[in-house]
Amino acid sequence: MSVPAAIQERAAWLRSEIERHNHAYYVLDAPTIPDVEYDRLFRELQALEHDYPALLTADSPTQRVGAAPLKAFPPAVHGVPMLSLNNAFEAAEVEAFDQRVRDALGTIVAVDYAAEPKFDGLAISLTYEDGVFVRGATRGDGTTGEEVTPNLRTLRDIPLRLCGTGWPVRLEVRGEVLMFKADFDRLNEKQRERGDKLFANPRNAAAGSLRQLDSRITAARPLSFFAYGVGAGGEALDARTHAEILDRLVAWGFPVAAERLVVQGVRGLLGYFEQIGQRRASLPYDIDGVVYKVNRLDWQDALGFVSRAPRFAIAHKFPAEEAMTTVLGIDVQVGRTGAITPVARLQPVFVGGVTVTNATLHNEDEVRRKDVRVGDTVIVRRAGDVIPEVVSVVLDRRPMRDLVTPLHEPWSLLSHYPVCPECSSAIVRGEDEAVARCSGGLFCPAQRKQALLHFAARRAMDIEGLGDKLVDQLVDAGLVHTPADLYRLDVATLSGLERMAEKSATNLVAAIEKSRQTTLARFVFALGIRNVGEATARDLARHFGDLEALMAANSDALQAVPDVGPVVAASIAAFFAEAHNREVIAGLRAAGISWPTVQPVAESAQAFIGKTFVLTGTLPTLKRDDAKAMIEAAGGKVAGSVSKKTDYVVAGEEAGSKLEKAVELGIAVIDEAALIELLTQGVNA
Ligand code: 5U1
């Protein structure tokens, strides 16, 4: 049915009018019409879309109510990786950061920094094409996140269509989803009334609400968003400073922290930290520190990155929260690599937004240094998502009888645990090592359980439903010895386990089945090789391309991978030298685990590592994004502006000021053909 022009116009007007009121209400906090009037406009649009379904568009405000549930979140590759930030806890670390920045830039004058609160929420990336919101994803591992577009569409302060003008064709907006403290209190009140589970803190509530397969649930949760930067498309903005980027985000309709400020030099940074610290409790949302970024974008480019964090920015964290409680006992936990960690069992105490019942004591030396004994009053600290720790004993509160005739002796590992409490294997401690380890390897059920949990983790083989209670049962019943055994489980066996209904068993078998198709990087990470985290696993997969090549690599070959040094190389080589590990891998391959072939990084192309390119003008055949992707795939970096750190400027037609600057600085200028030649032959510098 064709839609009469007058109806189309009315619908378009209603859409823009409703979004204008959404922006006024949710972003500016300044409603412009009464609620009844807003509801009237909304219902009129809904009615038109109902009568003329052809009118319905993804960016219509009526689509913010959530959509039909998904089966899973699809992966979403970020156009530009989402970085993490290095942390500073002390003023001296901030001073050192500023010094590093000035040394690298070769300036002695105070640097301008853009400072803003560090939201305690979930980092996300929003993609806009031609100004329309098309995709939203969580940070994930920084390269690939989970696509949660229908959920993000329900947040009324995320524009579905950008206001104003001047955005690039494709733009990634970076920011944080969070829950305001007052909204959190109201949500928990509702949960309590309904007898539903309470959320521990606003961050958990925001995370739980965003990661819902049914976006109608997300729509019913009071989530908010703040933008703090841009990813892909940022280079096309021609902005000079980070503050200008934030101004543009505001003009396009995004909420940006009102507390943002440009400050000068390290004194400005520390003053800002102090000021925000004083206002922290009265802010409507939780923050866990502040973020400082070098304001000039050409300086940001010149400073670049180290590992996966920018050199031009740092998070200055508030001190962790602390509370006092009593030690009820000291147990030990056996980790995935056999590490024995003493853990204090505590009288439950509320600290940093959660109830803490256990706190790590790190290792035996730490227990002795702090002289923690059962019955002691201790200070417990919790910072962000890290495991709570015992900071110190309040000796004044140690029972008098213990001071005179100690009821509780100083704690020692050997006297309490002469052998591993899980498998009775010997506990050994290397000469220069602080950590004692169970020598049982995968014979030890605790190590086996941890290894299985790691194998099944979301960022590894992603087997949903395989949690710790189930792994305990599977290992204790002797049903699973190695990860390969998981692939032999069937619904009948699983249904026989405690708290396992047939439906859950069927879902778990399906999740195991699904995990057979994975990626080499996930598989390598899932193996749980000591010192090989997610990023290293990805680098190894990219470098070697297939598992056989990785397994055959010696220490020198392994150290050719970026960020792999002698210690990591030794761990990898030792892992693959172990016959048991090779058997487990063979078992997993025989179970049908497979992955698409990865093109290894070619020898020649590796020479792009450490090289910075700037693209300018229109290239004859390559789109700018494609040229950028090719350079990055070969290990190079593409910067938005020319500085003396630029190695090559790739110039096309109508190249402007960047070309002039390159000539002025004597930087090599090449055309598209020369770039392609370099890509195929490598840089010989
Ligand atoms: N406020 C704010 N949070 N935050 C987190 N800004 C900010 N910037 C970030 C991150 C990870 O990263 C950029 C410096 C790349």
Side-chain angles (χ1 to χ4, degrees), residues 78-88 94 97-98 100-101 104 111-126 137-143 145 157 171-178 202-203 206-207 224-235 237 239 241-250 254-263 269 272-273 275-277 279-280 283-318 384-385 535 632 637-640:
H78 303 304
V80 165
M82 292 181 78
L83 304 165
S84 48
L85 290 170
N86 287 326
N87 290 328
V94 177
F97 160 73
D98 173 63
R100 280 195 303 277
V101 165
V111 170
D112 276 355
Y113 291 99
E116 57 195 284
K118 186 168 186 310
F119 309 104
D120 199 6
L122 273 102
I124 59 155
S125 182
L126 308 170
T138 60
R139 179 180 183 279
D141 61 11
T143 305
D157 49 11
L171 174 70
E172 282 179 339
V173 174
R174 301 282 159 82
E176 205 105 336
V177 165
L178 49 81
R203 188 182 188 286
S224 299
F225 174 76
F226 280 102
Y228 57 62
V230 291
E235 70 291 342
L237 290 183
T241 62
H242 180 72
E244 273 175 45
I245 289 191
L246 295 183
D247 288 343
R248 288 197 201 175
L249 287 169
V250 171
F254 292 97
V256 168
E259 297 75 17
R260 71 196 167 99
L261 200 66
V262 175
V263 298
L269 295 180
Y272 182 80
F273 181 73
Q275 205 192 76
I276 294 291
R279 291 172 58 190
R280 182 181 184 188
L283 289 176
Y285 45 77
D286 280 343
I287 61 172
D288 56 355
V290 298
V291 180
Y292 311 134
K293 296 171 195 166
V294 169
N295 196 28
R296 267 177 63 168
L297 298 178
D298 56 341
W299 280 1
Q300 288 194 1
D301 283 338
L303 287 159
F305 307 86
V306 59
S307 203
R308 278 141 195 104
R311 274 204 203 86
F312 58 80
I314 200 160
H316 190 178
K317 296 287 207 65
F318 294 130
D385 270 348
E632 287 174 349
K637 193 184 135 212
V638 177

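When a ligand or atom number is given, it counts from 1 through the structure's own listing order.
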Practice item. Pick one of side chain, backbone, both or neither for how Ala315 approaches ligand 1, counting any non-hydrogen atom pair under 4.0 Å. Key: neither
**Study point:** For the student: nearest non-hydrogen atoms of Val101 and Arg311, plus distance
**Key:** CG2-O, 4.0 Å
Review point. Going by the order shown, which atoms of ligand 1 are within less than 4.0 Å of some heavy atom of Glu116?
Key: 1 (N)
Study note, to complete from the structure: On a heavy-atom basis, the closest approach of Asp141 and Thr143 is OD1-N, 2.8 Å
Review point. By number and element, which atoms of ligand 1 are closer than 4.0 Å to a non-hydrogen atom of Ala313?
Key: 14 (C)
Review point. At what distance, to the nearest 0.5 angstrom, does CG of Leu178 lie from CD1 of Ile287?
Key: 11.0 Å
**Study point:** Plane angle bin for Phe119 and Phe226 - parallel if under 30°, tilted between 30 and 60°, otherwise perpendicular
**Key:** parallel
**Study point:** Lys293: numbered ligand 1 atoms lying under 4.0 Å from its heavy atoms
**Key:** 6 (N), 7 (C), 8 (N), 14 (C)
Point to revise | Tyr292 and His316 aromatic ring geometry - parallel, tilted or perpendicular at 30°/60° bounds | key: perpendicular
Check your understanding: Mind checking whether Pro117 has a heavy atom under 4.0 Å from ligand 1?
Key -> yes
Exercise for review: Start with the C-alpha distance between Val250 and Arg260, add both sets of side-chain angles, then the distance that settles side chain to side chain contact (heavy atoms under 4.5 Å, CB included), and finish with yes or no.
Suggested key: CA-CA 12 Å; Val250 171; Arg260 71 196 167 99; 4.0 Å; yes
**Study point:** Nearest neighbour in protein (non-hydrogen) for atom 10 (C) of ligand 1
**Key:** Leu85 CD1, 3.5 Å
Revision key, fill the gap. of all protein heavy atoms, closest to atom 15 (C) of ligand 1 is Leu83 CD1, 4.1 Å
Point to revise | Shortest protein contact, atom 9 (C) of ligand 1 (heavy atom only) | key: Tyr228 CE1, 3.7 Å
